[in-house]
Amino acid sequence: MIEVTVAPSDEEVGLGLSEASGWAAFERDLRRFLAEFASVIHVDGLEVTELFAGEPVESTFANVRNGLIVPLGAGIDWVVRMCSGRGPYCILVSSMLKIECTWDGVVVLTTTERDVAASVTTGPSLDVRLRELPGEAERPLRSVETVADEAFWSSVAEAPAKVKLLRERWAYGKFGTHWFDINGELAPRVGLLVQPRSMVSVLIDPRLELDHLHLDGPFTALGDLSGSVEVLHEDFPFGVDSIDDIKKEGWRFGVDERETWRWVAVVPDPDGVVRGRWPVPD
């Protein structure tokens, strides 16, 4: 495996991204480099994986989900967008190539083709570096295989519990989840609300007291559970210093990320096929 890093040669671009005076030249050279790189290894489409929404998502990306195949040109547009500091973020992959972006405008390309970088024009605005990765094969991630089909929703509805909560995750990050109160007969109804390619997780009778939370780890604060089906929530991926910080904001309940999830499944596309790949939660 070969790893190629493509960074701005101008330090100001790395710091200021699209606000820097040298951004236009960097973007021009980066687009040409990515197009030539993909052409050499015959990549014309890329799959969206590990989608991350750390900020509200623009309407243009409202329907983007893991498993989506984007044409090469659209993929390059997305890489440039991520390099400029705008989300949503993702990792783009094909059988021959993986493309990731860092927070400071660096693009990391991983490929099995050893000589591809030598065939590509770099450009004066790019700092291109290559290294050979260790020969050990990456351990394949276990993906969620359970399908959120009719049988799944029936099982959830029939499970005895005082409290049943469902989290729909369509992307990682603060703005990538929805929470639902699915007590009573609400599970089949929620099954119609969740979106294809989302990962859904069901929690049975969790401890919801705020004082129960591990404040130094990730958790989700929840609003009222006796109102509408969808529950107001806010993720705290890095914890908080004091539980008073949560109570002052009006949150009444909370779910620790360490809670045990009873069911985890992936919502299929309308044709019944699961195309969103999610690693099994730790």
Side-chain angles (χ1 to χ4, degrees), residues 49-57 66 87-91 100 102-103 139-146 148 152 155-156 159-184 186-187 190 193-195 197-267 276-282:
T49 68
E50 300 191 41
L51 196 58
F52 180 89
E55 56 192 16
V57 177
N66 287 322
Y89 292 85
C90 71
I91 295 177
E100 305 173 72
T102 68
W103 62 270
R139 293 178 59 188
L141 292 175
R142 291 192 306 127
S143 296
V144 176
E145 296 182 356
T146 303
F152 173 85
S155 297
V156 172
K162 293 181 179 178
V163 176
K164 264 186 250 183
L165 298 175
L166 181 138
R167 178 177 66 187
E168 176 192 10
R169 185 183 293 284
W170 65 269
Y172 294 109
K174 182 176 181 178
F175 292 90
T177 58
H178 300 282
W179 282 77
F180 300 94
D181 180 350
I182 56 172
N183 280 330
L186 294 175
V190 171
L193 297 178
V194 294
Q195 297 296 309
R197 306 188 186 184
S198 293
M199 179 174 67
V200 292
S201 312
V202 178
L203 195 60
I204 298 293
D205 286 332
R207 292 189 63 178
L208 295 172
E209 305 90 349
L210 293 177
D211 294 334
H212 171 65
L213 296 172
H214 294 83
L215 300 184
D216 58 347
F219 66 87
T220 300
L222 301 175
D224 193 354
L225 300 181
S226 60
S228 58
V229 176
E230 186 163 359
V231 179
L232 291 175
H233 72 281
E234 183 170 354
D235 289 343
F236 293 87
F238 306 108
V240 293
D241 293 331
S242 169
I243 196 64
D244 291 336
D245 298 337
I246 306 301
K247 292 180 178 179
K248 288 177 182 176
E249 294 182 15
W251 297 110
R252 299 183 55 197
F253 306 107
V255 173
D256 199 295
E257 195 64 29
R258 302 177 197 181
E259 288 281 359
T260 301
W261 297 91
R262 179 73 178 272
W263 287 281
V264 179
V266 179
V267 182
R277 292 185 293 166
W278 291 89
V280 175
D282 295 333

Heavy-atom closest pair (L51 atom, C90 atom, distance to 0.1 Å) is CD1-CB, 3.9 Å
Pairwise side-chain contact, I204 with K164, heavy-atom cut-off 4.5 Å (strictly under): yes
Are there more than 12 heavy atoms of other residues, nucleotides or ligands under 6.0 Å from atom CG of D244? yes
Tell me every residue that passes side-chain hydrogen bond (donor to acceptor under 3.5 Å, both in side chains) with T102, counting only those two or more places apart in sequence or in another chain. D104
Who are the side-chain hydrogen bond (donor to acceptor under 3.5 Å, both in side chains) partners of R207, not counting sequence neighbours? H212
Taking side-chain contact (heavy atoms from CB on, under 4.5 Å) as the definition, give me every residue that meets it alongside I243, ordered by chain and number, with sequence neighbours left out. L210, D211, L213, L215, I246, K247
Pair V264-W278, side chain to side chain contact (heavy atoms under 4.5 Å, CB included): steps then yes or no: CA-CA 10 Å; V264 179; W278 291 89; over 6 Å; no
Side-chain contact test, heavy atoms from C-beta onward, threshold under 4.5 Å: evaluate it for N66 versus R277 and give yes or no. no
Got a list of side-chain donor-acceptor pairs under 3.5 Å for residues 168-179, not counting sequence neighbours?
residue, atom, partner, partner atom, Å
E168, OE2, Q195, N, 2.8
E168, OE2, S198, OG, 2.8
K174, NZ, E234, OE2, 3.4
T177, OG1, H233, NE2, 3.0
H178, ND1, E230, OE2, 2.9

Those residues that, when tested against D216, pass salt bridge (charged side-chain N to carboxylate O under 4.0 Å, His left out) (two or more places apart): R258
In chain order, what residues pass the side-chain hydrogen bond (donor to acceptor under 3.5 Å, both in side chains) check against T220, with sequence neighbours excluded? D235
Side chains of V156 and L166: closer than 4.5 Å at any heavy-atom pair? no
Can you list the residues that meet the ring pair (Phe, Tyr, Trp, His ring centres under 6.0 Å) rule with F236, with sequence neighbours excluded? F219
Does some side-chain heavy atom of T146 sit less than 4.5 Å from a side-chain heavy atom of W263? no
Decide if atom CD of E145 counts as having more than 12 heavy atoms of other residues, nucleotides or ligands within a radius under 6.0 Å. no
Under the side-chain hydrogen bond (donor to acceptor under 3.5 Å, both in side chains) test, which residues partner D256, sequence neighbours left out? H214
Could you pull out all residues at least two apart from Y89 that satisfy side-chain contact (heavy atoms from CB on, under 4.5 Å)? F52, M82
Shortest non-hydrogen contact between P218 and P237, atoms and distance: CB-O, 3.5 Å
Test D224 against L232 for side chain to side chain contact (heavy atoms under 4.5 Å, CB included), laying out the working first. CA-CA 7 Å; D224 193 354; L232 291 175; over 6 Å; no
Under the side-chain contact (heavy atoms from CB on, under 4.5 Å) test, which residues partner V163, sequence neighbours left out? L165, D205, P206, L208
Minimal heavy-atom distance between M199 and V144, with the atoms involved, is SD-CG2, 4.0 Å
